[in-house]
Amino acid sequence: MSTVVTTVRRNWPLALPVAVAVPGLFLRFSGVPLSAGLAVLAFGAAVVGAAFFLSWGTELIERDIGQGLALALLALIAVLPEYAVDAVFAWKAGQDPEQYAPLALANMTGANRLLIGVGWSVVALAALAAHRRHARRTRDSSGRADGVDRARDETDVARGRVRLEGVQTVEVAYLAVASLYALTFPLRDSLTLLDTVVLFAIFTLYLVRVRNAGGDDDDEDGELVGPAARIAAGPTRTRRWAAVGMLVFAGAAILAVAEPFAESLVEAGTELGVSQFLLVQWVAPLASETPEFIAVLILAWKLRGAAALGALISSKINQWTLLVGVIPLIFAISAGSLSGLPIDPVQREELFLTAAQSVFAIALVIGGYLSRRGAYALLTLFLAQFVLAWTLPAELAGIERVGLGVLYLALALVLLVRRRRALWLTLRDGLSGRALSESPERAAQT
């Protein structure tokens, strides 16, 4: 009996995502009739369960392939849940642009804003809280917290900020380039294949540059948490088969439920009298982002704030290049023409707000850290926009989106002027391949 209990305790983290995914997979292949609202829950849970296996599998397989290939593979897999849902809407938009083109953009803008507004902010605040807790628990008789010196490379507790690692200068620089390009989206009537080429090129250059920049891989083992860490501690052959099995299961599950999940979101909006656009914009990204958020929160709580925040910055680059770039590509294939995915006035406002938030986030981290004040600013502005989106009447929603976008840009402008030397150093060193001659954090100080 004790052996069974021990086995259950050791393996429940692996069994739980499977149990969560099974109802959605059963519903997908059995054809059992179910209300749209319950179908959203079942298929959304399947995406969450599969995304956990994606996270664990990619962490494990990274150890067995070259760094450059690992970066490419991880980047592609990281956006698979969002890509799968967006691919469905982009394909349907090729047949019915009026109904589905706004939904394709809704999933993309929601995923990007959620990643920064909740992901970056909550991880930074969790990292700071973890270090304060660690310092209190380990404070010795001299009044100095044991281990704080080791942790200060990641978190400056006294100043209330999470530091970025040196290699993340590259990520911030390329995110700035992608965000600057994204500011042109609201000025257009469509997203075209030219956007696909430009965004894929930015991502490719980012991969090449970050591979050449390298980084400290000696601590890579310490970043594994949960089931991935337990599997990695076992035999190499077991680790490799487990990684492959996780990725195959996750990929198959996501591809299986992506279309019914997307369709159930649309049907649920009609059935429940709720905006289809808002359901697609927030429910689908929340399902696909949850496992990553949990993984980085665990990292932050284990005093690895820089690694956690860096993972989300990398994910933002993936979403802002690969995810956005693939939408007009799939649309063009589905429509059988080179015409771009149409952008209506509401979507121009959504794209403007999303790009403006990204610019503000870059301004906050351009100095090489994200402060507590900056994290609260990201979270507060996101929550304000989220609440207003669900409560304001349609005639005021456009004013709210544009107004908040202008506020983001105004705040970003003030920060970038104050941190102009850090901006120059980050762009120069991040894009050119030169080593940092001066810490952006020091240059940003006023």
Side-chain angles (χ1 to χ4, degrees), residues 28-29 31 36 39 43 47 72 75-112 178 181-205 251-270 275-281 283-285 288 318-352 354-355:
R28 170 67 176 87
F29 293 108
F43 293 131
V47 172
L76 290 170
I77 291 177
V79 297
L80 180 59
E82 291 93 346
Y83 163 84
V85 175
D86 246 331
V88 171
F89 286 126
W91 184 267
K92 290 179 177 293
Q95 313 300 319
D96 185 358
E98 184 175 350
Q99 179 178 1
Y100 288 103
L103 299 182
L105 294 174
N107 184 64
M108 180 272 290
T109 55
N112 275 279
Y181 183 74
L183 282 174
T184 69
F185 295 161
L187 307 177
R188 326 257 207 83
D189 293 324
S190 63
L191 291 180
T192 68
L193 292 178
L194 176 61
D195 298 311
T196 299
V197 172
V198 171
L199 292 171
F200 282 13
I202 291 173
F203 181 75
T204 301
L205 291 173
I254 289 172
L255 293 177
V257 303
E259 183 172 4
F261 182 42
E263 291 175 346
S264 64
L265 285 170
V266 176
E267 293 172 3
T270 303
S275 167
Q276 296 176 350
F277 178 86
L278 291 177
L279 282 177
V280 171
Q281 187 172 42
V283 175
S288 57
N318 300 339
Q319 289 189 357
W320 219 201
T321 54
L322 293 181
L323 183 61
V324 179
V326 81
I327 294 175
L329 176 62
I330 294 177
F331 175 84
I333 295 173
S334 174
S337 71
L338 298 180
S339 61
L341 181 93
I343 305 176
D344 63 28
V346 172
Q347 299 316 308
R348 291 194 195 98
E349 296 164 359
E350 291 284 347
L351 288 168
F352 172 66
T354 306

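Side chains are part of it too, since the values below use all heavy atoms of this structure and drop only hydrogens, waters and symmetry mates. Note that the numbering runs from 1 along the sequence shown for the chain.
- The shortest distance between side-chain heavy atoms of V326 and D86 does not fall below 4.5 Å.
- Residues P342 and D189 form no side-chain contact, since every pair of their non-hydrogen atoms from C-beta on lies 4.5 Å or further apart.
- Considering every non-hydrogen atom in both F331 and A93, the closest pair reads CE1-O, 3.2 Å.
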Output a table of donor-acceptor pairs, distance under 3.5 Å, between side-chain atoms of residues 97-104 and any protein atom two or more places apart or on a different chain; print 'none' if there are none.
none

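- The shortest distance between side-chain heavy atoms of F185 and V324 falls below 4.5 Å.
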* CA sep, side-chain torsions, deciding dist, call: Y83, L322, side-chain contact (heavy atoms from CB on, under 4.5 Å) -> CA-CA 9 Å; Y83 163 84; L322 293 181; over 6 Å; no

Check: residues 195-202 side-chain donor-acceptor pairs under 3.5 Å, at least two apart:
from, atom 1, to, atom 2, distance (Å)
D195, OD1, Y181, OH, 2.5
D195, OD1, R188, NH1, 3.0
D195, OD1, R188, NH2, 2.7
D195, OD2, R188, NH1, 2.9
D195, OD2, T192, N, 2.8
T196, OG1, G325, O, 2.7

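- Side-chain contact between L187 and R348: absent, with no pair of heavy atoms (C-beta onward) separated by less than 4.5 Å.
- The structure places CG of N107 at 9.5 Å from CG of N112, a figure rounded to the nearest 0.5 Å.
- Sequence neighbours left out, the pairs with a member in residues 258-269 that pass side chain to side chain donor-acceptor pair (under 3.5 Å) are K92-E263.
- Minimum heavy-atom separation, G94 to S334: CA-OG, 3.5 Å.
- The nearest pair of heavy atoms linking V88 to A262 is CG1-CB, 3.8 Å.
- Residue L329 holds its CG atom at 11.5 Å from CG of L341, rounded to the nearest 0.5 Å.
- Closest of all the heavy-atom pairs between R28 and A256 is NE-O, 2.7 Å.
- Remark: of the listed residues V280, I327, L105, V280 is the sole one forming a side-chain contact (heavy atoms from CB on, under 4.5 Å) with F89.
- Taking both residues in full, the closest heavy atoms of A106 and Q347 are given as N-OE1, 4.3 Å, listed atom of the first, atom of the second, then distance.
- Residues Q281 and T109 share a closest heavy-atom pair of NE2-OG1, 3.1 Å.
- Rounding to the nearest 0.5 angstrom, the gap separating the CZ atom in F203 from the CG atom in N318 is 4.5 Å.
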